[in-house]
Number of protein chains: 2
Amino acid sequence: MDQIPKLVTDLLMPGREGGYAKGYETRELIVRTALHILIEEGYRAMSMRRIAAACGMRLGNLTYHYPTREDLLRELLNAVISSYEAEFATIVHAPGVPPEERLARVCGLIIEDIGSKKTTRLFPELWALANHDAFVYERVHELYDRARAPLVEIIAEMRPDLAEPARLDLALFISASMEGLTVFAGYRMPFAERLPIVERIAIRSFIDIVRSFSPAG
Amino acid sequence: MDQIPKLVTDLLMPGREGGYAKGYETRELIVRTALHILIEEGYRAMSMRRIAAACGMRLGNLTYHYPTREDLLRELLNAVISSYEAEFATIVHAPGVPPEERLARVCGLIIEDIGSKKTTRLFPELWALANHDAFVYERVHELYDRARAPLVEIIAEMRPDLAEPARLDLALFISASMEGLTVFAGYRMPFAERLPIVERIAIRSFIDIVRSFSPAG
DNA sequence: TCCAATTTAGGACAGTTGACAATTTTATGC
DNA sequence: GCATAAAATTGTCAACTGTCCTAAATTGGA
């Protein structure tokens, strides 16, 4: 039973499939349901009929809102990217909070997210899609760009002495390493055991790299 | 134009699709062709008819050798794992070569492999499959087990003072980090620019971690 | 040469897929 | 109440999927 609903997870319905609460816009319900199926059962299972059934509507109605499967996939990616960006924005632009604290919050959020089952299932799916779909490729890359941005921003505020390429490289490394943990986290360990290890590894690598860029060392 | 054919790449045909050289066993040709399609076009395109056509044979003939799609997928995974294991074995058990040199060779092989287009395409595909297929999940995990094993073995030879959990953790970290680079490497950079960056990041993280485990630091 | 096993061919099956069209139902504004 | 637009239904289409089947061809060994 995974906890800590964050980022992508927030996009998902609180209830179970078919029993979603009323009040959502139809198109929003469709996107959320599609994302839910994508994470739980994979892209192959995310067929138009499957989505329509899970939404409690007919196939023709679904194709009315999203004429093609690709249209739906695009809006799904937009929703995922927006949810990440919104989450980061509230942290980065928190007035009065010192940069060290904001950096810790961003890293904590990323670590939590990487440790969650939702993320470890969603992203391999997106990577596989991106391999053979130019649009998905661009959108996933854009997501990473936007995920690195807050790190770069806060670090630049903390350490104005760091040269531009160094900062970029640092952010890239952290991002890349943590993505590896996305895969690693999905294997063999239940969530309770997984999270501390992911935290330790990610934080240690982060500290090491920051240290290697400092003028003293 | 990617270079450095290693590991998985060695499993692929030298020629183009449909023009494979004679002499391969039929079953081997099928597996290689399926792997080729999986990498180039993704799992969705890897249908029985598509494979048969690419092999220059009829569908019925393909299903004679591999009655079900799952049978073929299993042998494909076995072939991938075997190719990695064979490559590692020749390096690790090279007689007369000092452990430092063997470690460098293993790392170099992994870095080359991660930097190759074949790997950055194949593994996201396998991860996505593993999310919803218990057999693929187990096999991919076994592959990582066997990929970490030579690192652990050589490091244990070099540094008998390292405690068992520390060594495992070290190997895990390297493996996990580098898998992140698999994703990262696939984005935005041509191979020529990609490889030096991947090398620098991977090697630096490796050195940092080894250093953090040493008694001196 | 002949036999048996292996290999190939060709077709058929039931099921699923994305997309589309014609229709009815529901909601909205005047 | 009515006209207009939005939403949902129902049915259909060709294309594709994995699997299975039978018959023909090929091969290798006795």
Side-chain angles (χ1 to χ4, degrees), chain A residues 17-77 125-126 128-129 132-136, chain B residues 17-77 125-126 128-129 132-136:
Chain A
E17 176 182 320
Y20 296 138
K22 293 269 181 179
Y24 287 107
E25 290 292 333
T26 306
R27 286 173 61 94
E28 195 178 340
L29 169 69
I30 292 172
V31 171
R32 289 171 184 267
T33 305
L35 181 61
H36 182 263
I37 295 175
L38 177 61
I39 290 173
E40 292 298 325
E41 306 174 45
Y43 185 68
R44 283 196 90 193
M46 202 190 82
S47 69
M48 298 296 270
R49 281 174 175 80
R50 181 78 186 74
I51 296 168
C55 287
M57 66 178 61
R58 304 290 172 169
L59 174 62
N61 193 14
L62 175 59
T63 61
Y64 166 77
H65 291 286
Y66 293 99
T68 74
R69 187 169 139 100
E70 195 179 336
D71 293 329
L72 177 51
L73 181 60
R74 292 189 177 215
E75 197 141 314
L76 189 152
L77 287 171
E125 216 72 51
L126 295 184
L129 284 176
H132 310 99
D133 185 312
F135 177 79
V136 177
Chain B
E17 175 181 324
Y20 296 137
K22 293 269 180 181
Y24 287 104
E25 290 291 332
T26 306
R27 286 174 62 94
E28 194 179 342
L29 170 69
I30 292 172
V31 170
R32 287 172 185 267
T33 304
L35 181 61
H36 182 262
I37 295 175
L38 177 62
I39 290 173
E40 292 298 326
E41 306 175 45
Y43 186 68
R44 282 196 88 193
M46 202 191 82
S47 69
M48 299 295 271
R49 281 173 179 80
R50 181 80 185 73
I51 297 168
C55 287
M57 65 178 61
R58 304 290 172 168
L59 176 62
N61 191 13
L62 176 58
T63 60
Y64 165 78
H65 292 287
Y66 294 99
T68 73
R69 188 169 139 98
E70 196 179 335
D71 293 329
L72 177 51
L73 182 60
R74 292 189 177 214
E75 196 141 315
L76 190 152
L77 287 172
E125 215 73 52
L126 295 183
L129 284 176
H132 309 100
D133 185 313
F135 177 78
V136 178

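Keep in mind that this is a model prediction, so the values were computed, not measured. In the text below, chain A, chain B and the rest are named by the order of the sequence lines, each starting its count at 1.
- A straight line from OH of B/Tyr64 to P of D/dT22 spans 16 Å, rounded to a whole angstrom.
- Not a single salt bridge (charged side-chain N to carboxylate O under 4.0 Å, His left out) links A/Glu125 to another residue, sequence neighbours left out.
- Summarising the geometry, the separation between CG on A/Asn61 and P on D/dA8 is reported as 4 Å, rounded to the nearest angstrom.
- Interatomic distance, A/Leu76 CG to A/Ile30 CD1, rounded to the nearest 0.5 Å: 11.5 Å.
- Closest approach of B/Thr68 and B/Asp71 over heavy atoms only: OG1-OD2, 2.9 Å.
- Judged purely by atom type and a 3.5 angstrom limit, A/His132 uses its side chain to pair as donor or acceptor with the backbone of B/Ile39.
- Atom CG of A/Leu29 is separated from atom P of D/dA7 by 14 Å (rounded to the nearest Å).
- Taking a heavy-atom distance under 4.0 Å as the criterion, the stretch of DNA chain C touched by chain B extends 5' to 3' from C/dT6 to C/dA12.
- Judged by distance alone, the side chain of A/Ser47 and the main-chain N or O of A/Arg50 form a donor-acceptor pair under 3.5 Å.
- Checked by atom type and distance alone, the side chain of A/His65 never pairs as donor or acceptor with a backbone atom of A/Leu72 at under 3.5 Å.
- Rounded to the nearest 0.5 angstrom, B/Glu75 CD and B/Glu70 CD are separated by 13.0 Å.
- A cation-pi contact, defined as under 6.0 Å to the ring centre and within 45° of the axis, links A/Arg69 to A/Tyr43.
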Give me, pair by pair, the N or O atoms of the protein and of nucleotides 17-19 of chain D that are less than 3.5 Å apart, along with how far apart they are.
| residue | atom | partner | partner atom | Å |
| --- | --- | --- | --- | --- |
| D/dT17 | OP1 | B/Ser47 | OG | 3.2 |
| D/dG18 | OP1 | B/Arg69 | NE | 3.4 |
| D/dG18 | OP1 | B/Arg69 | NH1 | 2.9 |
| D/dG18 | OP2 | B/Met48 | N | 3.0 |
| D/dG18 | N7 | B/Arg49 | NH1 | 2.7 |
| D/dG18 | O6 | B/Arg49 | NH2 | 2.7 |
| D/dT19 | OP2 | B/Arg69 | N | 2.7 |

